[in-house]
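Report on the structure given below.
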Amino acid sequence: MHYAQIILPLNLKGSFTYKVPEEIIEQIQCGMRVLVPFGGKKIYTGIVFELHDQAPENFVAKEVISILDSKPIVPDEQIKFWNWLSDYYLCSLGEIYRFAFPSSLKLESETYLKLKPNAVINFEILDVNEMYLIQALEVRQLINLTDIEAFIPKKDIIKTINSLIDLQYIEIDEKVAEKYKAKEVAYVKINDEVLKNESLTGILLGLTKARKQKELFLHILEKQTENPNQPLKKSDLFEDGYFSSSHFKALADKGFIEEYYRQKDRIESYSGEIEEIEELSDIQKVAKEEIDIAFKEGKNVLLHGVTSSGKTHIYLEKIEECIAEGKNVLFLLPEISLTKQITQRLEKKYGSQLGFYHQKLTDFERVEVWKRISRNDIKILIGTRNALFLPYENLGLIIVDEEHDSAYRQKDVSPYFNARDVSLVLGNFYDANVILGSATPSVESYYLGQKDRLRYVFLDKRFGEVALPVFELINFKEAQDSKHVNGNFSFRMLEELKKTVDENNQGIILHNRRGYANVIECESCGYVNYCSNCDVVMTYHKSANEMKCHYCGQRASKPKACPKCFSENLNERGVGVEQIHEEVSKLFPDNEVDRMDVDSMRKKFAYEKLYEKIEEGETDIVVGTQMISKGLDFDHIELVAIPKADSMLYVQDFRAEERAYQLITQVSGRAGRVSGEGKILIQTYNPDHSVFQLIKMNDPAKTYDYFLKERKKFHYPPYTKMIMLQLSHRKEDKITRASQFMGSVLRKYLPEECVLGPEKSPVFKINNMFQFQILIKLPRGNKYASFKKLVLKSIEEFDEITAYQSVKKHVLIDF
DNA sequence: AGCACGCCGACT
DNA sequence: GTCGGCGTGCTC
């Protein structure tokens, strides 16, 4: 095995061939990290993907510099998984590697400057910047490029460096440095020599003049003899402020005590009480048995359990079994922050065998979890979609909770995978069982359940047989006609809200639109405030008193007058959650009305604070966006009101109705969890709309039947496979031509009805980039693979046009 | 993705 | 006249 295929953290196709030098040929294994040179001078950390003896024909392979690990850091199963992902999602292995690894584990060489040895510097010919740089180098020997920004203006850096290189005063060097540092904690003990040889009385006599030092010495000695196996933290000594570090230093200088360091895990593990879980109800037992049978048959499970039916209970049971068999568990959540209680319950039961991995961890924290997983110190990992890539050793069970949630799909960076779908694949590679769970499964998963590709397990009763909430549709048109409205609320809805707060219960109002008003419009000339970078109107946020673009994040102050005609008659149109909150606060002046949306929850602990406020019963009404549909499991919420339910339906998306159903059902699950007297009020102009009728009927089988029929009729997933091609560029004419060309290439290979577009994306300009999209609908089943190959071929043909290389291209599989 | 090379506009 | 913009090509 003299050659290795190496994956580099770059968006380049496939892997690269390197020669394995004789001296490491014995050690090198697939899944290890290696340092390799790439391009002119850069050094990258690559992953050994394959070892072979096939010398390359068209180029001379460079040599691997060194191996970074003593054993493989990426398990075989993960390598297979990466390979599958790259194939299925049409992305490069490099992109997967970049995403999968914490950046501290994939070191890149950094460029340093240093003085040329023996350079004789003539300071008289140097300008100020050059002088600074030379002086800095004389002091520090090595300086990296970012550090230079501290004393030379950014625009002059390159010029300065180039001129000093020309003068042969400095040179450039590349260095790879380990970035990850384990956090160390200082401990203290009495010097071993002191304990062995010297008499303690002698020491104490010597300290008679230093009373505090003596006390400190005795304190340490006492602690140490009391509990010889318990290391004594240095920081604990100063906790009450009685001793100071100068006393400590004096004793250490005299050699009486000794300081030593230990690595500490950055993540605090739970060490509180460990709680047993309650027994399953009969209904839950039946469901659990169905799962057991499915697993025995080698089937994965879709667990459809209505809200508060106790899915978590069943999860806990299965987790326990899996761990008893000596295997590990991966528990996936769409977002870690919003699902407090599940983690709490697991934490109580499994304490320090629990690990967390999600997008909000710092890089070093990620490395620590990575290492703990690698050492098999973690039995259960709770994480978001990026947790799929950790180096698990013996995974036995993967649970995907809230499997319908769109947060499982990665949207910002490649690979654009759906964690729910690929968890089934990962489970397959690890030979682990998978449970997808939800109160409102995605239509796709439900379909797989119908086909028995997933075993469908249905929990149709709330835990303890608590009744499901009652739905009521309010015809807002009628209410308006009979003048039974106050702003955005019908009298009927207000009456119920009043009743709820008067009975000391809590209500939730769902309005899924951020901001105060969607548009600020000039009454005289019709001018609306567009974002200067994007093709969207800016949303007015009253609480922050500014206009925000929800696409690029740009902010602007609210115009006092129309910038075009200077009229001061500005109209606010399109109701946002802030406005609903303001309205309700005015209508219920004696009650506590709070708002929960991404804008109000941005501050640190804002969510926790509001959560507690609701838990304590201080809040009477919560007004919020879809955020309130998750995790708010409180006993006294009896009413859920949705004043403008129609706004959820008329979105240009074939999943809009499914989303509306899921959102309304999820939020309705918050009501009457204990009393069984929860009430859901839906205010709409179209009470006859199928979605509202189906929600009201509360019959999941019928609902999914309706969705599936609609999907079939219009050739949408799950009956077809969809691929979305998004193309963007800064120049409108270029991207128009490029997308036309892409469309024609696709049509060359694929049947006419498979290719829709190119057309301008719903938001044509985002962040000054013009967006086009092409939708490709392909048949499911055996033919899919061959059709996808043709799509790939078309993309490759497009890539060959050099003029289109600057076109940014996103391929979204299973759009 | 990064980086070097090479060709054109706007400043000293 | 140069500096620096970015379009193009290449990396085992």
Side-chain angles (χ1 to χ4, degrees), chain A residues 1-21 24 28 30 32-67 86 90-101 103 106-113 127 129-130 144-146 152-166 172-176 412-416 728-735 737-738 768-769 796 798-811:
Chain A
M1 301 296 184
H2 287 82
Y3 291 93
Q5 291 307 120
I6 309 285
I7 304 171
L8 294 173
L10 304 169
N11 180 16
L12 293 169
K13 260 205 181 61
S15 53
F16 290 81
T17 312
Y18 283 83
K19 202 166 177 339
V20 182
I24 58 170
I28 199 162
C30 281
M32 283 179 167
R33 292 179 304 156
V34 287
L35 286 182
V36 290
F38 188 76
K41 52 186 183 183
K42 275 272 176 191
I43 296 165
Y44 287 102
T45 310
I47 302 288
V48 182
F49 181 63
E50 204 188 321
L51 291 163
H52 58 86
D53 256 325
Q54 195 77 48
E57 285 171 15
N58 308 322
F59 55 89
V60 183
K62 288 184 182 171
E63 280 200 350
V64 171
I65 299 171
S66 64
I67 307 182
S86 123
L90 305 179
C91 61
S92 68
L93 286 165
E95 286 174 306
I96 299 172
Y97 169 36
R98 267 152 72 99
F99 177 73
F101 265 60
S103 48
K106 39 176 205 280
L107 318 165
E108 223 175 273
S109 64
E110 235 182 318
T111 309
Y112 284 87
L113 297 180
D127 70 19
N129 288 331
E130 292 163 357
N144 80 23
L145 289 180
T146 42
I152 296 182
K154 223 171 183 168
K155 62 175 177 57
D156 294 336
I157 291 179
I158 300 291
K159 207 168 92 187
T160 309
I161 293 172
N162 282 339
S163 116
L164 287 173
I165 291 174
D166 286 347
I172 288 176
D173 201 10
E174 293 279 318
K175 243 187 154 53
V176 184
D412 37 6
V413 280
S414 179
Y416 304 103
S728 63
H729 196 272
R730 276 182 300 112
K731 293 197 178 111
E732 188 176 348
D733 55 334
K734 185 157 192 160
I735 193 62
R737 268 181 284 121
N768 290 317
M769 301 274 279
E796 277 164 1
F798 176 87
D799 285 343
E800 275 167 26
I801 313 290
T802 52
Y804 295 153
Q805 267 173 19
S806 53
V807 170
K808 286 244 183 299
K809 185 166 75 267
H810 289 171
V811 187

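In what follows, chains carry the letters A, B, and so on, assigned in the order in which the sequence lines appear, proteins first and then strands, with residues in each chain numbered from 1. On a predicted model such as this, the values are computed, not experimentally measured, just so you know.
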Only counting residues at least two apart or in another chain, list the ones meeting side-chain hydrogen bond (donor to acceptor under 3.5 Å, both in side chains) with [X].
X	answer
Ser806(A)	His729(A)
Lys42(A)	none
Thr17(A)	Gln5(A)

Query raised in the report: Roughly how many Å is it from CD1 in Ile735(A) to P in dG7(C), rounded to a whole number?
Result: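 Atom-to-atom, Ile735(A) to dG7(C), this comes out as 14 Å.
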**Report entry** Distance in angstrom units between Ile161(A) CD1 and dG4(C) C1', rounded
**Finding:**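 For the pair Ile161(A) CD1 and dG4(C) C1', the rounded distance is 16 Å.
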Query raised in the report: Can you name the closest pair of heavy atoms from Phe101(A) and Arg33(A) and give their distance?
Result: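 Smallest heavy-atom distance, with atoms named: CE2-CD, 3.9 Å.
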In chain order, what residues pass the side-chain contact (heavy atoms from CB on, under 4.5 Å) check against [X], with sequence neighbours excluded?
X	answer
Ser414(A)	Cys91(A), Glu95(A), Tyr416(A)
Ala4(A)	Ile6(A), Val20(A), Val48(A), Leu51(A)
Ile67(A)	Ile24(A), Gln27(A), Ile28(A), Met32(A), Val34(A)
Phe38(A)	Leu8(A), Leu10(A), Leu12(A), Phe16(A), Tyr18(A), Tyr44(A)

Using a cut-off of under 3.5 Å, enumerate the N/O to N/O pairs linking the protein to nucleotides 3-12 of chain B.
unit_1: dC3(B); atom_1: OP1; unit_2: Lys42(A); atom_2: NZ; d: 3.3

Query raised in the report: Partners of Arg730(A) by salt bridge (Lys or Arg N to Asp or Glu O under 4.0 Å), sequence neighbours excluded?
Result: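 Partners of Arg730(A) under the salt bridge (Lys or Arg N to Asp or Glu O under 4.0 Å) test: none.
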**Report entry** DNA chain B-proximal residues of residues 90-98 of chain A, any heavy atom under 4.0 Å
**Finding:**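 Within residues 90-98 of chain A, the residues near DNA chain B are Arg98(A).
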Query - All pairs passing salt bridge (Lys or Arg N to Asp or Glu O under 4.0 Å) where residues 45-65 of chain A contributes a residue, at least two apart - result: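 Listed once each, the pairs would be none.
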Between the protein and nucleotides 9-12 of chain C, which nitrogen or oxygen pairs come in under 3.5 angstrom?
unit_1: dT11(C); atom_1: O3'; unit_2: Gly39(A); atom_2: N; d: 3.4
unit_1: dC12(C); atom_1: OP1; unit_2: Gly39(A); atom_2: N; d: 3.4
unit_1: dC12(C); atom_1: OP2; unit_2: Lys62(A); atom_2: NZ; d: 2.4
unit_1: dC12(C); atom_1: O3'; unit_2: Thr17(A); atom_2: O; d: 2.9
unit_1: dC12(C); atom_1: O3'; unit_2: Lys62(A); atom_2: N; d: 2.8
unit_1: dC12(C); atom_1: O2; unit_2: Thr17(A); atom_2: N; d: 2.6

